[in-house]
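Reading through the structure tokens given below for one structure.
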Amino acid sequence: MKLLIESFEGDIYLGYQVLGNHKELIKGDNQQPLKFSSLEHAKTHFTEGHYQSATLIHCSTYDEMCGEHDGISPTMEVDLGWK
């Protein structure tokens, strides 16, 4: 199983478990999405997880803010190397 950490607004990070083509948001005991305020916070939480890989996903809104939005946001993916 793979772990994806998606960055929103610069200080909100959500985790997803990915198995094959199935992507599932990771939720807490209260069934609300687990939110992290930094990558370090997420790393601390997922240290004991048994994931094959961890990847950061960041979608840039720069083009949209400049009026250049074409419906496709550039996405940056970075292997976090958490094992």
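Side chains included, hydrogens not; waters and symmetry mates left out as well; all remaining heavy atoms used.
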* Is Leu34 reachable from Tyr13 through a run of hydrophobic residues whose side-chain heavy atoms are each under 4.5 Å from the next? -> yes

* To do: Would you give the length of the straight line joining atom CG of Asp11 to atom CG of Leu39, rounded to the nearest 0.5 angstrom?
  => 11.5 Å

* Between CG on residue Asp29 and CD on residue Gln31, distance to nearest 0.5 Å -> 8.0 Å

* Quick one: do Met1 and Phe46 end up in the same hydrophobic cluster if we chain Ile, Leu, Val, Met, Phe, Trp and Tyr together by side-chain heavy atoms under 4.5 Å apart? -> yes

* **Glu6 side, atom CD; Glu77 side, atom CD - distance, nearest 0.5 Å** => 9.5 Å

* Can you name the nearest heavy-atom pair linking Leu25 to Gly15, along with the distance? -> CD1-O, 3.5 Å

* May I ask you to decide if the ring planes of His45 and Phe36 are parallel, tilted or perpendicular, using 30° and 60° as cut-offs? => tilted

* **Lys2 atom NZ, over 12 foreign heavy atoms within 6.0 Å** => no

* Ile26 CD1 to Ile5 CD1 distance, which is reported to the nearest 0.5 Å -> 6.5 Å

* Can you hop from Met76 to Phe8 via hydrophobic side chains spaced under 4.5 Å? -> no

* Linking I/L/V/M/F/W/Y whenever their side-chain heavy atoms sit closer than 4.5 Å, directly or via other members, would Leu14 and Leu4 fall into one cluster? -> yes

* From Ile12 CD1 over to Ser38 OG, what is the distance, rounded to the nearest 0.5 angstrom? -> 12.5 Å

* Linked, directly or transitively: Tyr51 and Leu56 (ILVMFWY side chains, under 4.5 Å) -> yes

